[in-house]
Amino acid sequence: MRADQQVMNQSPRVRFAPSPTGVLHIGGARTALYNWLLARGSGGTMVLRIEDTDRERSTPENVAQILEALAWLELDWDEGPLSQAERSDRHRARIAELVEAGAAYPDTATSEDVRAFKRAHGNAGYRGEPRPGEGAAIRLRVPNAGETVVDDLIRGPVRFENRLQDDFVIARGDGTPLYNFAVAVDDAEMRISDVIRGDDHLSNTPKQLLVLRALRCEPPRYAHLPLLHGPDGKKLSKRHGAASVQELREAGYLPAAVRNYLALLGWGADDDTTFMPTSELIERFSIERVGRASAVFDERKLRWLNGRFMREMPLDAYVEAAAAQLEREGHPEVPGDRERLRAACAIAQEKAQTLSELWPLVRFLFEPPLEDPKAWSKVMRDGAGPNLEAALEALRTAEPFDSTTLEAELSALVERLGVKARDVYQPLRVAITGTTVSPGIFDSLAALGRQRALERVEAAVERLRDRSDSG
RNA sequence: GGCCCCGUGGUGUACUGGUCCAGCACGCGGCCCUUUCAAGGCCGAAGAGCGGGUUCGAAUCCCGUCGGGGCUACCA
């Protein structure tokens, strides 16, 4: 029953403990991922705990967003979500214990009093004495002697002198427990074996250790991950482009690619492996190989990785992902036409690096050609008209109307005409899509189907004829 | 200011004393392939913050310095 006995030599119990004061950030997502990888790779248990003791900033909407982001990332948990605020009774009970034992005391000192004390004592930690009173906060008694060392899994031992540590507040004047106390109690009572969290908590850890010691609880192991920075070297924030999981999703990234990329931010399997499916991540991940230096989130590499995942995905899964994306983007009618969507995916799969690049490539299959004056003026000139007319014949007679046959017919045509391939293919591309960029031209024609292809090319021929008549 | 963490090319990283005049990947430049754009192939530019030590020998160990970051709340 004792917490320390449970912790030792068992499969790890980890927790992801976001505070719902905003959306789930990329840094938070990576923390969640590392916890999850450790749990899944070792038959351990993942606990999700919402640290909602900040009464002002925590909102149910933020909780919902975080849960949604985790769901999208396909990071699941075994216990929770638990609400830290709802465990307030436990925290209060523990505080009462400490006060009774004299390990904590009520104090009416204000923060100004504390500052004054520190000034007068050469920056030493604040030491008060029991001063019960209206609105007295509860402070933990911190020993003057010795040091508290955090034996970090990633950084090794980190030492903090106790004499510099304040008798810090563990409960507000109204009795509500504070973060550093609640966390320590929860980690102990939930029998967490490994606390994996951001580096920004390293300085908090001695406080939590002090709480645990006062409570006579065995502390968990700690691993503090280096923080993620933006391209400017500053702490990652909303100003740095797609900084939240939500934005990553909207930008058309695949969860598996995001997992792979995030795993690589601060951790590497070995010298030359970058592309790793999640199963491999789970198998190879280890806290010991996590680096100590902060990393910069670089969306360009994510894009590349995402492209690889997109290309190597089975078509069925690709179609599902595409359908979800197109629906999100406001083309709800497209996913309904599975047959055509599938054809579209088949020809665009190797072209798109993100799901959001899909629609521009395949919209010509679902809508009339785009009006792109630049494409026309660039491509539709000189021999474009005659070349298209000649191509019309090939389109009419190609049998079957598939990519292979079209390629054979059209390249034979190019040969006969004695022109450059692009002088036939680009006008065709503009005729059927309205733009100069599309999937392979033969694939595109075949996917469009003979009838619509003919209609579009005929219309383009007409248009070119009108133009030369009047000009 | 105090305490703490970190420092290999633009970015992520490999290598913890010799096999490294530093490898891989993204990005960048060039070439090839080629029906556009991608993809793919080949080639290339680009790095150990700086200064001292220790050592026969340092990216790797020590010290200093500079730089970046975090914490420093009756926030989490």
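Reminder, nothing fancy here: chain letters follow the sequence lines and each chain counts from 1. Atom set for the values below is all heavy atoms of this structure, side chains included, hydrogens, waters and symmetry mates excluded.
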| request: Determine whether any donor atom in the side chain of A:R422 lies under 3.5 Å from an acceptor atom in the base of B:rU36, or the reverse, and answer yes or no. | output: no
| message | Using 0.5 Å steps for rounding, measure from the CG atom of A:N387 to the CD atom of A:Q426. | response | 12.5 Å
| said: Classify A:L265 by what it touches in the nucleic acid, base, sugar-phosphate, or nothing, heavy-atom distance under 4.0 Å. | reply: sugar-phosphate
| Mind pulling the stems RNA chain B is in, i.e. runs of at least three Watson-Crick or G-U pairs, everything under 3.5 Å? | B:1-7 with B:66-72, B:10-13 with B:23-26, B:28-32 with B:40-44, B:49-53 with B:61-65
| query | Taking atom C1' of B:rC71 as reference, at what distance in whole Å does atom CD of A:Q208 sit? | reply | 12 Å
| If you measure from CG on A:L33 to CZ on A:F16, what distance do you get to the nearest 0.5 Å? | 10.0 Å
| field | Length of the CG-C1' vector between A:L264 and B:rC24, whole Å | value | 11 Å
| query | Sequence neighbours excluded, which residues qualify as side-chain hydrogen bond (donor to acceptor under 3.5 Å, both in side chains) partners of A:T110? | reply | A:D113
Anything under 3.5 Å between a protein N or O and an N or O of nucleotides 25-32 of chain B, put it in a table, one pair a line.
{"from": "B:rA25", "atom 1": "N3", "to": "A:K301", "atom 2": "NZ", "distance (Å)": "3.0"}
{"from": "B:rC26", "atom 1": "O2'", "to": "A:K301", "atom 2": "N", "distance (Å)": "3.4"}
{"from": "B:rG27", "atom 1": "O2'", "to": "A:R300", "atom 2": "NH1", "distance (Å)": "3.0"}

| For atom CE of A:M310 and atom P of B:rC37, their distance in whole Å | 19 Å
| request: Take atom C1' in B:rG7 and the same atom in B:rU13, then report the distance between them in whole Å. | output: 14 Å
Hey, what are the protein-to-nucleotides 1-6 of chain B N/O distances that come in under 3.5 Å?
{"from": "B:rC5", "atom 1": "O2'", "to": "A:R155", "atom 2": "NH1", "distance (Å)": "2.5"}

| query | Counting heavy atoms not belonging to A:E147, are there more than 12 under 6.0 Å from its CD? | reply | yes
| said: Using the ring-ring contact (aromatic ring centres under 6.0 Å, His included) criterion, which residues pair with A:Y261? Sequence neighbours excluded. | reply: A:F297
| Nearest heavy atoms of A:R131 and A:A109, plus distance in Å | NH2-CB, 4.1 Å
| task | Quote, to the nearest angstrom, the C1' distance that separates B:rC32 from B:rA39. | result | 14 Å
| What distance, rounded to whole Å, do you find between the two P atoms, one in B:rG67 and one in B:rG29? | 34 Å
| task | Return yes if the base of B:rU36 and the side-chain atoms of A:K351 contain a donor-acceptor N/O pair under 3.5 Å, otherwise no. | result | yes
| So, A:F275 versus A:F309, ring centres under 6.0 angstrom or not? | yes
| Separation between CG of A:D194 and CG of A:D187, rounded to the nearest 0.5 Å | 10.5 Å
| query | Does the distance from a Lys or Arg side-chain N to an Asp or Glu carboxylate O, for A:R463 and A:E371, drop under 4.0 Å? | reply | yes
| field | Other residues, nucleotides, ligands: >12 heavy atoms within 6.0 Å of A:E415 CD | value | no
| Sidechain N-carboxylate O distance under 4.0 Å for A:R308, A:E312 | yes
| query | How many Å lie between NZ on A:K420 and P on B:rU34, as a whole number? | reply | 14 Å
| Separation of B:rG70 P from A:R197 CZ (nearest whole Å) | 17 Å
| A:I26 CD1 to B:rG12 C1': how many Å, rounded? | 14 Å
| field | Note: A:R15-A:E189 ion pair, threshold 4.0 Å (strictly below) | value | no
| said: Once you apply a heavy-atom cut-off of 4.0 Å, does A:G440 come out as touching a base, just sugar-phosphate, or nothing? | reply: base
| message | I need the A:R159 CZ to A:N162 CG distance, nearest 0.5 Å. | response | 12.0 Å
| said: Please give the distance between the P atoms of B:rU54 and B:rA73 as a whole number of Å. | reply: 44 Å
| request: Remember a base hit wins even if backbone is also touched, and classify A:P206 as base, sugar-phosphate or nothing at under 4.0 Å, heavy atoms. | output: nothing
| query | For B:rC15, does either OP1 or OP2 sit under 4.0 Å from a side-chain N or O belonging to A:R289? | reply | yes
Give every pair of a protein N or O atom and an N or O atom of nucleotides 74-76 of chain B that lie under 3.5 Å apart, one pair per line with the distance.
{"from": "B:rC74", "atom 1": "O2", "to": "A:G173", "atom 2": "N", "distance (Å)": "2.7"}
{"from": "B:rC75", "atom 1": "OP2", "to": "A:R172", "atom 2": "NH1", "distance (Å)": "2.6"}
{"from": "B:rC75", "atom 1": "O2'", "to": "A:D54", "atom 2": "OD2", "distance (Å)": "2.1"}
{"from": "B:rC75", "atom 1": "O2", "to": "A:R57", "atom 2": "NH2", "distance (Å)": "2.5"}
{"from": "B:rA76", "atom 1": "OP1", "to": "A:T53", "atom 2": "O", "distance (Å)": "3.1"}
{"from": "B:rA76", "atom 1": "OP1", "to": "A:T53", "atom 2": "OG1", "distance (Å)": "3.1"}
{"from": "B:rA76", "atom 1": "OP2", "to": "A:Y179", "atom 2": "N", "distance (Å)": "2.9"}
{"from": "B:rA76", "atom 1": "O3'", "to": "A:E51", "atom 2": "O", "distance (Å)": "2.9"}
{"from": "B:rA76", "atom 1": "O2'", "to": "A:S19", "atom 2": "OG", "distance (Å)": "2.6"}
{"from": "B:rA76", "atom 1": "N6", "to": "A:N204", "atom 2": "OD1", "distance (Å)": "2.8"}
{"from": "B:rA76", "atom 1": "N6", "to": "A:N204", "atom 2": "ND2", "distance (Å)": "3.2"}
{"from": "B:rA76", "atom 1": "N1", "to": "A:N204", "atom 2": "OD1", "distance (Å)": "3.1"}

| field | Atom pair CZ (A:R422) and CZ (A:R429), whose distance is rounded to the nearest 0.5 Å | value | 10.5 Å
| said: Between C1' on B:rG12 and CZ on A:R303, what's the gap in Å once rounded to a whole number? | reply: 17 Å
| Separation of atom CZ in A:R30 from atom C1' in B:rG12, rounded to whole Å | 12 Å
| query | For the residue pair A:Y425 and A:F442, does the interplanar ring angle fall in the parallel (under 30°), tilted (30 to 60°) or perpendicular (over 60°) class? | reply | perpendicular
